[in-house]
Structures are given as structure tokens and as C-alpha cells.
Amino acid sequence: MTASPAASCLFCRIVKGEIPAGRIRESGDSLAIADIAPQAPHHYLLIPKRHATDIGEFMKGPRAAAEMADLLNLGLELALTEHLQERGYRLVVNTGQEGGQTVPHLHIHLLAGREMGWPPG
Ligand code: AMP
Ligand code: ZN
């Protein structure tokens, strides 16, 4: 029997609680954790509980629109509770090799607490 990708996926294992992480906030479809190597004073990862390699694969799911709304809402709630909306913040979805994605399970970075450069590196 072939193992499902989710069995060895880092973020699936964090969602299931098999690997410890700084769990910040959770909803039915989504989990927010602290990034282990923060690139800003606030750096969270918004992770859908359903496994999908990237945003393109994720959006093929039958409930994708609702799940994506849930994921974004989790980030907005976090921005509100952490008082990030006043100074601003950045949401980032790295996708594929040239997009800089290193963990093949869709996630949105929420970065705040410093001036962000543009264009990104
Ligand atoms: P990306 O490079 O866009 O795929 O983002 C992956 C992010 O996951 C990076 O910012 C890593 O620092 C972060 N990361 C990797 N392993 C962990 C972990 N065990 N707990 C929390 N964040 C992690
Ligand atoms: Zn996964």
C-alpha cells in the first residue's frame, strides 16, 4: 500500500499534532502557527488542514472557495487580535521552485512589525 502524501507532509503532521508547533489560532478548516524561522517581528503561517501541494492544486477541491475564505479570515482575525492592521502587514504565498516554496503544503505567510521592501527578493 502506498502512503498518502499527507502521512509524511510536515504541515499535515503539525495539523494532526504529531509534530509540536507554536499553535496560535485554529478554525474548522485552518490552523495558524508561528514560523520557526521568523523573518519579521510577527511571522505566522496560515495552513489549511486539507493537504494540497500548492494553491493551484488546493483550488481544485470541491470546498476550496469556502476553505480559502476560512484561511484568509483566520489571518484577518490574527491581524486584528495582534493589532497589526494599523501599521500594516503582508500576506505571501510562495509557489513552486522559483516562487521560493520550500514546504509542499499550501500556506500563507503573515508578516508584520517592520517596513517591508518592494520588490521582494
Ligand atoms: P515556504 O518557504 O514559503 O514554503 O515557507 C515554509 C516556511 O515554513 C518557512 O518560513 C519555514 O521557516 C517554516 N517552517 C519550516 N518548518 C517549520 C516548523 N516545524 N514549524 C514552523 N514553521 C516551519
Ligand atoms: Zn500536507
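All values below were derived from every heavy atom in this structure, side-chain atoms included, with hydrogens, water molecules and symmetry-related copies excluded. Each ligand, and each atom within it, is numbered from 1 in the order the structure gives.
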Between atom [atom1] of [X] and atom [atom2] of [Y], what is the distance when rounded to the nearest 0.5 Å?
X	Y	atom1	atom2	answer
Ile108	Asn94	CD1	CG	11.5 Å
Arg13	Leu10	CZ	CG	8.5 Å
Leu45	Ile36	CG	CD1	10.0 Å

Please name the residue in the list Thr81, Ile33, Leu46 that meets the side chain to side chain contact (heavy atoms under 4.5 Å, CB included) test with Arg25.
Thr81
Single hit among Met68, Gln101, Met59 for side chain to side chain contact (heavy atoms under 4.5 Å, CB included) with Leu106:
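The side chain to side chain contact (heavy atoms under 4.5 Å, CB included) with Leu106 is passed solely by Met68 among Met68, Gln101, Met59.
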With the Zn ion (ligand 2) as the point of reference, which N/O/S atom of His105 is the closest?
ND1
Taking the Zn ion (ligand 2) as the reference point, name the nearest N/O/S atom of His51.
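Relative to the Zn ion (ligand 2), the closest nitrogen, oxygen or sulfur of His51 carries the name ND1.
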As a quick check of understanding, evaluate side chain to side chain donor-acceptor pair (under 3.5 Å) for Thr95 and Asp54, giving each step before the final call.
CA-CA 6 Å; Thr95 307; Asp54 60 24; over 6 Å; no
Give yes if a backbone or side-chain nitrogen or oxygen of [X] is under 3.5 Å from a nitrogen or oxygen of ligand 1, and no if not.
X	answer
Val103	yes
Asn94	yes
His109	yes

Would you say the rings of His107 and His105 are close, in the sense that their centroids are separated by under 6.0 Å?
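That pair fails the under 6.0 Å test.
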Using a 4.0 Å heavy-atom cut-off, which part of [X] comes near ligand 1: side chain, backbone, both, or neither?
X	value
Gln39	neither
Ile19	neither
Tyr44	neither
Val92	neither

What residue and heavy atom of the protein are closest to [atom], and at what distance?
atom	result
atom 10 (O) of ligand 1	Asp35 OD2, 2.5 Å
atom 1 (P) of ligand 1	His107 NE2, 3.2 Å
atom 16 (N) of ligand 1	Leu10 CD2, 3.4 Å
atom 22 (N) of ligand 1	Ile36 N, 3.2 Å
atom 2 (O) of ligand 1	Thr102 OG1, 2.7 Å

Do [X] and [Y] have side chains that get closer than 4.5 Å, going by heavy atoms?
X	Y	answer
His43	Leu111	yes
Leu80	Gln85	yes
Glu67	Pro48	no

Quick one: does Ala34 get within less than 4.0 Å of ligand 1, heavy atoms only?
yes
Has Gly100 got any heavy atom lying under 4.0 angstrom from an atom of ligand 1?
yes
Angle subtended at the Zn ion (ligand 2) by SG of Cys12 and SG of Cys9, to 10 degrees?
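SG of Cys12, the Zn ion (ligand 2) and SG of Cys9 span an angle of about 120°.
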List the steps and the verdict of ring-ring contact (aromatic ring centres under 6.0 Å, His included) for Tyr89 and His42.
CA-CA 9 Å; Tyr89 55 89; His42 293 266; over 10 Å; no
